[in-house]
Amino acid sequence: MNGFVLAIFLQQSVGLSATAAGLASLPMTIIMILGSSSIGTLSGRFGARVFMTVGPIMMAIGSLLLLTVSADFNYWQQVLPGVIMFGAGLTVTVSPLTSAVLGSVPSDRSGTASAINNAVARVSSLVIVAVLAVIVGGQIDLAGFHRAAIVTAILLTAGALASWAGIRTAVEPRSRSKTTVRAEPCTASDIPVTVGVTRAGPRRV
């Protein structure tokens, strides 16, 4: 919710253009591009539970950092720290979430699970936009922006607690032991002998 509310707030209340408001949340995208692969690898080794707990908490902290936004607006001091923290938390959460969803179904149904996961994400975004007017009080001014940040932090904290309580399975690190083959010298006893066959000696004339 923060990305959408932030973009609208920066346009309506701060007076930034649509392009500048979009660029304000660009650090989140950059962090996700740089960190998603590494987080996905770590999630495969240690399981999704820890990441899906820590990630939402980081996003909640990022949302609360946006409460420093005031009438004397300063993007670098008031917005950027919260955007960076929110983007880091989002990076920690998304890859393990996808892995947990796909890992909970048979491999032949992974396509269906991925589609359902994407559909749920889209529907939840639409629901948030629908109830946004109730949260911000009909207008995204400074007070409404702060209310949206607080509600976002509460929902993310609840999601972190649900992840910690609900995700039980953990992926154990795969064993990387290697089989060592050692060559042994061949002895006469190792040569197979055919039983029941006698070699005839040379005949004397």
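Put simply, CZ on Phe51 and CG on Leu42 are 4.5 Å apart, with the number rounded to the nearest 0.5 Å. Taking OG1 of Thr68 as the start and CG of Leu66 as the end, the distance is 6.5 Å to the nearest 0.5 Å. The line from CG of Leu155 to CE of Met59 is 11.0 Å long, rounded to the nearest 0.5 Å. Atoms CD1 and CG, from Ile167 and Leu97 in turn, are 8.0 Å apart once rounded to the nearest 0.5 Å. Between the CD1 atom in Ile135 and the CZ atom in Arg147 there is a gap of 10.0 Å [rounded to 0.5 Å].
For the pair Pro56 and Thr93, the minimum side-chain heavy-atom distance is below 4.5 Å. Side-chain contact check for Val105 versus Thr112: every heavy-atom pair is 4.5 Å or farther apart. Side-chain contact between Val136 and Phe145 is absent, with no heavy-atom pair separated by less than 4.5 Å. Residues Ser63 and Leu156 are in side-chain contact: their nearest non-hydrogen atoms beyond the backbone lie under 4.5 Å apart. Proximity of Leu23 to Leu26: side-chain heavy atoms (C-beta onward) are separated by under 4.5 Å at one or more points.
Looking at Ser38, its side chain never comes within 3.5 Å of a backbone N or O of Gly35 through a donor-acceptor pair. Proximity of a side-chain donor or acceptor of Ser13 to a complementary backbone N or O of Ile140 within less than 3.5 Å is detected. Formation of a donor-acceptor pair under 3.5 Å by the Ser114 side chain with backbone atoms of Gly111 is not found in this model. The main-chain N or O of Ser37 is found under 3.5 Å from a side-chain atom of Thr41 such that the two form a donor-acceptor pair. In this structure, Ser95 contributes its side chain and Thr91 its backbone to no donor-acceptor pair below 3.5 Å. Proximity of a side-chain donor or acceptor of Ser36 to a complementary backbone N or O of Ile33 within less than 3.5 Å is not detected.
Residues passing the side-chain contact (heavy atoms from CB on, under 4.5 Å) test with Ala162: none are found, sequence neighbours excluded. Applying the side-chain contact (heavy atoms from CB on, under 4.5 Å) rule to Val14 yields the partners Phe9, Leu10, Leu16, Phe73; only residues at least two apart in sequence or on another chain are considered. By the side-chain contact (heavy atoms from CB on, under 4.5 Å) test, Ala158 is found to be paired with no residue, residues two or more places apart in sequence or in another chain being considered. For the side-chain contact (heavy atoms from CB on, under 4.5 Å) test, residues two or more places apart in sequence or in another chain that qualify with Leu34 are Ile30.
For the pair Ser43 and Ala48, the tightest heavy-atom approach, listed with the atom from each and the gap, is OG-CA, 3.9 Å. Gln11 and Ser17 make their closest contact through CG-O, 4.1 Å (heavy atoms, listed as atom of the first residue, atom of the second, distance). Closest approach of Ile57 to Ala160, counting heavy atoms only: CG1-CB, 3.6 Å. Ser110 and Ser107 make their closest contact through OG-O, 3.0 Å (heavy atoms, listed as atom of the first residue, atom of the second, distance). Shown here for Val69 and Leu142, the closest heavy-atom pair between the two residues is O-CD1, 3.5 Å.
Tracing side-chain contacts under 4.5 Å through hydrophobic residues (I, L, V, M, F, W, Y), one reaches Val50 starting from Met58; they form part of the same cluster. No path of Ile, Leu, Val, Met, Phe, Trp and Tyr side chains, each step under 4.5 Å between heavy atoms, connects Leu102 with Val92, placing them in separate hydrophobic clusters. Linking Ile, Leu, Val, Met, Phe, Trp and Tyr residues whenever their side-chain heavy atoms come within less than 4.5 Å places Met28 and Phe4 in a single cluster. Residues Leu64 and Ile154 share a hydrophobic cluster, clusters being chains of Ile/Leu/Val/Met/Phe/Trp/Tyr side chains in contact below 4.5 Å.
Listed by chain and number, the hydrophobic cluster partners of Val120 are Ile116, where partners are ILVMFWY side chains within reach of under 4.5 Å, directly or through others.
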Sequence neighbours left out, cut at 3.5 Å: what donor-acceptor pairs do the side chains of residues 75-89 make with other protein atoms?
unit_1	atom_1	unit_2	atom_2	d
Tyr75	OH	Ala24	O	2.7
Gln78	OE1	Ser70	N	3.3
Gln78	OE1	Asn74	N	3.3
Gln78	NE2	Ser70	OG	3.2
Gln78	NE2	Asp72	O	2.9

